[in-house]
Amino acid sequence: MSYDHQKIEAKWQERWAAERTFNVVEDPSRPKFYSVQMYPYPSGELHMGHLRNYTYVDLVTRYRTMRGFNTLAPMGWDSFGLPAENYAIQTGTHPADSTASQIVKMKEQLRRLGAVYDWDRELASHTPEYYRWDQWLFLQLYHRGLAYKAAAPVNWCPRDQTVLANEQVIEGHCERCGAEVERRRLSQWFFRITDYAERLLADIDTLDDWPDRVRTMQRNWIGRSEGATFTMQVDEIDAAFEVYTTRPDTVFGMTFAVLAPEHPLVDELVAGTDRAEDVRAYQQKAARASEIERLAEGDKTGVFTGRHAVNPVNGQRVPIFVAEYVLLGYGTGAIMAVPGQDQRDWDFAVKYGLEIIRTVQPPDDFEGEAYPGDGVAVNSGFLDGLGLDEAKERIIAWFEDQGIGHRNVNYRLRDWLVSRQRYWGAPIPFVSCDACGLVPVPESDLPVLLPEVEDYTPKGASPLAAVEDWVNTVCPDCGGPARRETDTMDTFVDSSWYFLRYCDPHNQESIFDPAKVAYWMPVDQYIGGVEHAILHLLYARFITKVLNDMGLVEVDEPFRRLFTQGMLVKDGAKMSKSKGNVVAPDEYYDRYGADAIRLFELFMGPPTDDAVWSDNGVEGTARFLDRVWKLATGEAGEVADRGLEPRDRDALVAAHRAAAKVTDDIERFSFNTAVPALMTLTNELTDYVRRGGRRETLDEAVGILLRLLSPMAPHIAHELWERTGRDTMLAREPWPEWDPDLVRHERVTLIMQVNGKVRDRLEVDAGIGAEEAERLALASSRVKERIGEGQVEKVISRPPKLVNVVVS
RNA sequence: GCCGGAGUGUUGGAAUUGGUAGACAAGAUGGACUCAAAAUCCAUUGUCCUCACGGGCGUGCGGGUUCGAGUCCCGCCUCCGGCACCA
């Protein structure tokens, strides 16, 4: 290395901090740019995978600043949650202590990367200054009827001893620890996100600058379906139940009905019958079985109740079954089964020898399975002959006329379970009083501080339950004895609004000043991992909409542009501590420097894609920086003070074209092509110098190069900016403009093809006309040779790029 | 199974609207410099045929549209991510 990267990197890191280059305040006179990365859990050790993400964010911050935006890039810590708590259990250290030291370590590593933030706005979700407003927010949701406590079957992780949200159960296993998840019935707090299902779904359409795959995932997660609900009478006893279907048009094909094992009507149906025992045994088996066992069984199981329901359209008696494949939590927990059109019903019918009636005419050679497609209705009474859509309309109208059913919409989305039986989280601000019941803690008493405990180990209830003098309190309403809620909040509550708090992080009076939020919001660029495509982004959208309804936030979508970066892969697995394949940056910092690491992270591939770590890649970008250094410092060759020559213009053209290209690339997050554009420019300018460059021209070209390089490799760019006699802070310099006259290509290569194959090429004037291009092509000896004896059928002329001569 | 996304040299990747496939790197080979090595610089590097000029083939596979397809359409294969009995 021909320059001391360690020294200059330390120098500029200090300079940016000392000059507060990236600390900002609201300034209505300038356009703002609000850039947020998904705030990290403070794990202490950053590896190359993290650096990739931080490099992208830092590049955006620096670029937008140079483009003249009042750019806010804050940083904070997602410091509540299981990792810190598990660490505390392992080591016996208080989570607050380990978290604090991890944060110090991570800040140091970010500083070494040259990543810049407005550190004045730093926040950490485990601090009372922060979680106080989690609690406040919780109370607001409660007052708006959006937070409620209910007994519900929940996903229980036996290892972590806590409840998990549906979203945190991956294939029947705990997202965190991988243990098999059980079902339990507990009293839990929920947020009523389903009230916002329609808005959360509809507004996905407004998120034009989100990746399609994330929008699709969100749509699927919300899972809207349109159909009808109608009531069926039980034949033998005086009882009825509702079913939901997306295919009411197939109701004539119903040959049985199914209730979920937990359906409240089941007991009544079988009470006192000889089926009671079988049904109860099946229910118990279903309750015991974990999700994974249910899935592993594969084929459909069920049990006949001995009762029948009456199909309202034709009076047919159909047997009622109880089966696991019907879920209590979706629709009405009961279905009409139409095996002719639904594969699950088909499988069940085949297994239990039930009748199958087709009510939609399948294609001719279609047999042996359910036909869910469109077609003409058959065996369907007054619907016969109609198409799917019309039949649906007709039957729903009929249900409504009869007063037994109606059109309705269902969502897959469930309410958000926010209770956690863990220590390291924000206490839920409620007390329960024998006299008054569940009572919210008054806002003036917030925060409800998380007490110190000796033992963090979960024992089925929150460790907080053991802190008697904390749990026992007085009722805010009647003053009598009361007990505190001992559950803490899901950490996704913390992360659903932190981007709002950044706008006003030290406010002691309120969650934030709406005026400041109005200035900064929405987040113009949000960057994070695609693993948060569903949960975090959905919750953050939900909370933003609630705050919008409360009049505190003007926007009702928080993130204007979303970028989800790929993972860094090594040895075939995501680089992570738990996989044991992390590459620590320290050695690379020492050997190549932060700038070379940053450039390699940018260079290695498209930011959206997973990238594979390669040990010697950094060497390539380090060599490039060396060439930049030599070019700017004169080591690459002397330049002369002399008059203008034609090739001086070429050097400027190269610089201006690079400016146009790099700008375009950064705008569309194509960093892996922006770096090569600078490499090419450097190579061209080096070549220019070796052939005898002109001082003034080189100085101008290098000025452009350094400004373009500045967001990507800021330390070396700043150092060279200073060494080449520029006394301004490069980070605040305007982004280079380019002269359209220089960027425009005046001479271009005309490709001459015969039957689509390149046969000759020629430098031509860019303004060449179609006839002239055609004439030149036909005049080419190579083209003529290829035409030979053949007939010229036609000539496609697309000046100035290409002429194709079609010969038979 | 359903919904997304991807498949290009030895490797990472480029080709932004259908118009020169392989930019820029990494690696490799040869050369210069050196007592030697490292570093640096220069050259070559998809594949096959040819001494060469030049030509054939080539973007997972099979078809198609087009003057022209890595790019568009149809049918497959493989890999990655998400969801998974949602009626």
Side-chain angles (χ1 to χ4, degrees), chain A residues 1-2 170-172 211-221 223-225 227 243-248 250 258 260 291 294-295 297-300 323-327 329-338 341-345 347-348 372 410-414 530-531 533-534 566-567 569 599-600 603-606 608-621 623-624 626-627 630 661 664-665 668 670 672-680 683 690 749-761 782 785 793-798 801-807:
Chain A
M1 299 291 280
S2 56
I170 311 296
E171 290 180 351
D212 285 340
R213 65 171 169 163
V214 174
R215 300 206 296 174
T216 304
M217 281 160 79
Q218 292 236 335
R219 279 193 195 99
N220 293 345
W221 191 262
R224 182 180 200 273
S225 76
V243 297
Y244 170 72
T245 177
T246 54
R247 291 295 301 275
T250 65
V258 186
E291 289 284 318
R294 287 193 184 194
L295 291 175
E297 277 191 47
D299 66 356
K300 310 271 174 291
E324 278 185 333
Y325 82 93
V326 173
L327 309 173
Y330 185 79
T332 59
I335 62 160
M336 67 164 191
V338 186
Q341 273 80 230
D342 184 284
Q343 191 59 41
R344 293 158 303 186
D345 297 346
D347 294 343
F348 194 85
N410 258 295
Y411 298 93
R412 214 192 71 115
L413 183 71
R414 313 290 166 80
V530 73
E531 67 271 20
I534 297 173
M567 298 181 305
V569 172
L599 273 185
F600 177 59
F603 183 60
M604 62 170 102
T608 42
D609 292 3
D610 289 352
V612 179
W613 175 258
S614 87
D615 288 324
N616 51 18
V618 185
E619 218 164 302
T621 51
R623 278 181 210 157
F624 160 65
D626 245 6
R627 289 198 295 274
K630 287 176 182 169
K661 163 85 176 147
D664 185 42
D665 284 349
R668 57 193 184 92
S670 181
N672 57 315
T673 56
V675 176
L678 293 181
M679 289 176 167
T680 305
N683 293 344
R690 286 183 182 158
T749 307
L750 179 68
I751 301 301
M752 305 177 196
Q753 297 181 324
V754 177
N755 289 341
K757 291 203 183 293
V758 180
R759 297 303 176 187
D760 203 0
R761 57 199 75 191
R782 294 223 179 126
E785 192 182 318
E793 297 270 309
K794 59 176 157 178
V795 179
I796 312 286
S797 189
R798 295 277 179 278
K801 291 189 94 169
L802 174 135
V803 175
N804 186 15
V805 181
V806 185
V807 176

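Letters A, B, ... mirror the listed sequences (proteins, then strands); counts begin at 1.
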Can you tell me how far C1' in B:A14 sits from the matching atom in B:G46, rounded to whole Å? 15 Å
Listed by chain and number, what are the ring pair (Phe, Tyr, Trp, His ring centres under 6.0 Å) partners of A:Tyr244, not counting sequence neighbours? none
Steps toward side chain to side chain contact (heavy atoms under 4.5 Å, CB included) verdict (A:Met567, A:Val530): CA-CA 9 Å; A:Met567 298 181 305; A:Val530 73; over 6 Å; no
A:Asn410 and A:Ser225: side-chain donor and acceptor closer than 3.5 Å? no
Give me the distance, rounded to whole Å, that separates B:U47 from B:A52 when you measure between the P atoms they each carry. 15 Å
Go through the steps for A:Phe600 and A:Trp613 under the test ring-ring contact (aromatic ring centres under 6.0 Å, His included), then give the verdict. CA-CA 10 Å; A:Phe600 177 59; A:Trp613 175 258; 5.4 Å; yes
Side chain of A:Ile796: nearest nucleotide among B:G19, B:U16, B:C85? B:G19
Output all residues satisfying side chain to side chain contact (heavy atoms under 4.5 Å, CB included) with A:Lys801, sequence neighbours left out; order by chain, then residue number. none
Distance check, C1' atoms only: B:U45 and B:G9, in whole angstrom units. 10 Å
Find the partner of B:G30: check Watson-Crick (N1-N3 plus N6-O4 or O6-N4) and G-U wobble (N1-O2, O6-N3) distances, both under 3.5 Å, and reply none if neither fits. B:C42
May I ask you to say what A:Arg668 touches in the nucleic acid, namely base, sugar-phosphate or nothing, with a heavy-atom cut-off under 4.0 Å? base
Nearest-Å distance once atom P is located in both B:G70 and B:G64: 15 Å
Mind checking if A:Gly617 touches a base, just sugar-phosphate, or nothing, with heavy atoms under 4.0 Å? nothing
Here the distance between atom P of B:G19 and atom CD1 of A:Ile751, to the nearest Å, is 13 Å
Verify the contact: side-chain N or O of A:Lys794 to OP1 or OP2 of B:U66, cut-off strictly under 4.0 Å; return yes or no. no
Touch check for A:Thr245, heavy atoms < 4.0 angstrom, all strands: base, sugar-phosphate only, or nothing? sugar-phosphate
Nucleotide paired to B:C2 in any strand shown, Watson-Crick or G-U, under 3.5 Å: B:G82
Heavy-atom closest pair (A:Glu324 atom, A:Leu327 atom, distance to 0.1 Å) is O-CD2, 3.9 Å
Could you tell me how far apart A:Gln753 (CD) and B:A69 (P) are, to the nearest whole angstrom? 9 Å
Based on the glycosidic angle (syn within 90° of 0, else anti), state the conformation of B:G27. anti
Please determine whether any donor N or O and acceptor N or O are separated by less than 3.5 Å between the side chain of A:Lys630 and the base of B:U40. no
N-O pairing of A:Arg668 and A:Asp664 below 4.0 Å: yes
Expressed as a whole number of Å, how far does the P atom of B:A28 sit from that of B:U11? 15 Å
Go through the structure and list residues passing side chain to side chain contact (heavy atoms under 4.5 Å, CB included) with A:Pro606, not counting sequence neighbours. A:Thr608, A:Asp609, A:Asn672
Would you kindly give the CZ-to-C1' distance between A:Arg761 and B:G19, to the nearest whole Å? 13 Å
Could you please name the partner base of B:U47, counting Watson-Crick and G-U wobble pairs only when both distances are under 3.5 Å? B:G56
It should be established whether A:Arg690 places a side-chain nitrogen or oxygen under 4.0 Å from OP1 or OP2 of nucleotide B:C41. no
Please give, in whole Å, the distance from B:G82 P to A:Asp610 CG? 11 Å
Give a yes/no answer on whether the side chain of A:Arg623 brings an N or O atom under 4.0 Å of OP1 or OP2 in B:U40. yes
For atom NZ of A:Lys661 and atom P of B:U16, their distance in whole Å: 9 Å
Regarding A:Arg782, tell me which of base, sugar-phosphate or nothing describes its non-hydrogen contacts under 4.0 Å with the strands shown. sugar-phosphate
Minimum-distance nucleotide to A:Met679 side chain [options: B:A84, B:A14, B:C24]: B:C24
Would you mind telling me which residue lines up with the more 5' stretch of RNA chain B, A:Asn755 or A:Asn683, judged by nearest nucleotide? A:Asn683
How do A:Val612 and A:Lys801 order along RNA chain B: which one's closest nucleotide is nearer the 5' end? A:Val612
A:Arg798 atom CZ is separated from B:U66 atom P, nearest whole Å, by 15 Å
Sorted by chain and residue number, the salt bridge (Lys or Arg N to Asp or Glu O under 4.0 Å) partners of A:Glu619 (sequence neighbours excluded) come out as A:Arg623
Between B:G13 and B:C74, how many Å separate the two P atoms, rounded to a whole number? 27 Å
Can you tell me whether the side chain of A:Asp664 and the base of B:U16 have a donor-acceptor pair closer than 3.5 Å? yes
What interatomic distance, in whole Å, is found between P of B:U44 and the corresponding atom of B:G54? 16 Å
Is the distance from OP1 or OP2 of B:A87 to the nearest side-chain N or O of A:Tyr244 less than 4.0 Å? no
If I pick the P atom on B:U10 and the same atom on B:G5, what distance separates them, to the nearest angstrom? 29 Å
Value in whole Å for how far the P atom of B:C80 lies from CD of A:Glu531: 18 Å
Mate of B:G75 where both pairing distances stay under 3.5 Å, Watson-Crick or G-U: B:C61
Hits for side-chain hydrogen bond (donor to acceptor under 3.5 Å, both in side chains) against A:Arg247, two or more places apart or cross-chain, chain-then-number order -> A:Asp249
For A:Glu793, answer base if it contacts any base atom (sugar-phosphate contacts may also be present), sugar-phosphate if it contacts only those atoms, and nothing otherwise; contact means non-hydrogen atoms under 4.0 Å. nothing
What's the closest nucleotide to the A:Met604 side chain, out of B:A84, B:G12, B:C24? B:G12
Taking N or O atoms only and anything under 3.5 Å, show me the protein contacts with nucleotides 3-9 of chain B, one pair per line.
residue: B:C3; atom: O2'; partner: A:Asn220; partner atom: ND2; Å: 3.4

A:Phe603 CZ to B:U11 C1', straight-line distance once rounded to whole Å: 12 Å
Is A:Asn672 close enough to B:G12 that one of its side-chain N or O atoms is under 4.0 Å from OP1 or OP2 there? no
Using a cut-off of strictly less than 4.0 Å, decide whether A:Arg759 has a side-chain nitrogen or oxygen near OP1 or OP2 of B:G55. yes
Heavy-atom count around A:Glu531 CD within 6.0 Å, excluding the residue itself: above 12? yes
Base, sugar-phosphate or nothing for A:Thr621? Non-hydrogen atoms, less than 4.0 Å. nothing
Paired with B:U20: which nucleotide, if any, by Watson-Crick or G-U wobble criteria at under 3.5 Å for both distances? none
